[in-house]
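All ligand and atom numbering here is 1-based and tracks the order in the structure. From a predicted model like this one, the values you see are computed outputs, not experimental measurements.
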Amino acid sequence: MPSERKVHILDEKDIPSQVCAFVADKSRHAIESRGQFNVGVSGGSVAKILSTGMPGLENIDWTKWKVFFCDERLVPFDHEDSTYKFFKKNMFNKVNIPSENIFPIDPSLSVEDAAKDYAKKVDKVPKENNLPVFDLLILGMGPDGHTCSLFPGHKLLQETEVAVAPISDSPKPPPCRVTLSFPVINATRCAMFVSTGAGKADILQKVLEGNDSAPLPAARVKPTNGELHWFLDTAAAAGLKAKY
Ligand SMILES: O=C1O[C@H](COP(=O)(O)O)[C@@H](O)[C@H](O)[C@H]1O
């Protein structure tokens with residue numbers, strides 16, 4: 001099935017419940033079909049939305065979740081910028097995911113070694129055509145159109161050899177990060193973006209409706225055989241010209 005894009009425009013107040021219900025539904029379906037749910041999470045605003053809504057949900061078999069990070073900032077686990085720290089405090093501590101099913105990036109290593117070490121963890125995700133296939137990647141987009149730690153104009157946009165890449169010159173601090181690469185992102189069964197607030201309106205119009213000749217990183221997310229969903233609040237969607 002080629003990538004089909006669905007844009008969901010919601011009231012701001014409905015974003016956490018709708019986003020989390022979608023994630024819960026994907027997890028139930030993956031567990032029923034394949035016995036486990038391999039999910040990649042992102043940092044920033046989407047981490048807050050997930051942590052607010054997911055722990056209160058019922059009928060989720062958390063023991064079958066395997067949690068990876070779409071990207072991570074290479075800072076110690078107790079650093080304010082650590083996505084792992086945020087999820088541990090606000091979500092993992094409140095649900096029953098076995099600790100061995102959470103796969104953080106190791107910040108004690110150099111950025112190159114952290115990427116290699118994390119690639120071994122990602123390699124555990126069941127593969128098709130030699131690529132790990134996540135059940136769901138939950139993505140954010142920065143106001144410059146970046147997603148994961150894949151930034152506009154950066155050479156990593158062309159990365160095709162490795163599933164996981166280091167970056168040591170991120171234009172958004174901190175400079176050292178580890179990120180999934182596009183071949184893995186686009187091998188997912190489902191990618192969902194969550195974008196909220198007026199500060200994302202201009203870039204969203206470019207990403208969703210702009211010229212495809214030099215796509216911004218977020219516009220390059222087009223799962224080859226999977227679904228693509230964008231969850232937007234009305235403020236973020238305000239610049240869109242088409243009807244969705
Ligand atoms: O630095 C990052 O930023 C993006 C977008 O964050 P947002 O707060 O603007 O939604 C995030 O998806 C990524 O994981 C993170 O490392």
Give me the pairs of N or O atoms, one from ligand 1 and one from the protein, that sit under 3.5 Å apart.
unit_1   : atom_1 : unit_2 : atom_2 : d
ligand 1 : 1 (O)  : Arg73  : NH2    : 3.1
ligand 1 : 1 (O)  : Lys172 : NZ     : 3.0
ligand 1 : 1 (O)  : Arg177 : NH1    : 3.2
ligand 1 : 1 (O)  : Arg177 : NH2    : 3.3
ligand 1 : 3 (O)  : His146 : NE2    : 3.1
ligand 1 : 3 (O)  : Lys172 : NZ     : 2.9
ligand 1 : 8 (O)  : Ser45  : N      : 2.9
ligand 1 : 9 (O)  : Lys200 : NZ     : 2.9
ligand 1 : 10 (O) : Ser45  : N      : 3.4
ligand 1 : 10 (O) : Ser45  : OG     : 2.5
ligand 1 : 10 (O) : Lys200 : NZ     : 3.4
ligand 1 : 14 (O) : Gly43  : N      : 2.9
ligand 1 : 14 (O) : Asp71  : OD1    : 2.6
ligand 1 : 16 (O) : Asp71  : OD2    : 2.6
ligand 1 : 16 (O) : Arg73  : NE     : 3.1
ligand 1 : 16 (O) : Arg177 : NH1    : 3.2

Problem - Main-chain N/O of Asp135 paired to Asn38 side chain as donor or acceptor, under 3.5 Å - result: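 Between the backbone of Asp135 and the side chain of Asn38 there is no qualifying donor-acceptor contact (under 3.5 Å).
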Exercise for the section: For Asp117 and Glu112, indicate whether the former's side chain and the latter's backbone hold a donor-acceptor pair under 3.5 Å. Expected result: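 Side chain of Asp117 to backbone of Glu112: no pair is present.
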Fill in the blank from the handout: From the list His8, Met192, Arg5, side chain to side chain contact (heavy atoms under 4.5 Å, CB included) with Trp230 holds only for Arg5
Fill in the blank from the handout: Between Arg189 and Glu128 the two heavy atoms that sit nearest each other are NH2-OE2, 3.3 Å
Handout entry: Minimal non-hydrogen separation, Met141 against Ile203, with atom names
Key = CE-CG2, 3.4 Å
Handout entry: ring-ring contact (aromatic ring centres under 6.0 Å, His included): pairs with one or both residues in residues 13-35, sequence neighbours excluded
Key = Phe22-His229, Phe22-Phe231
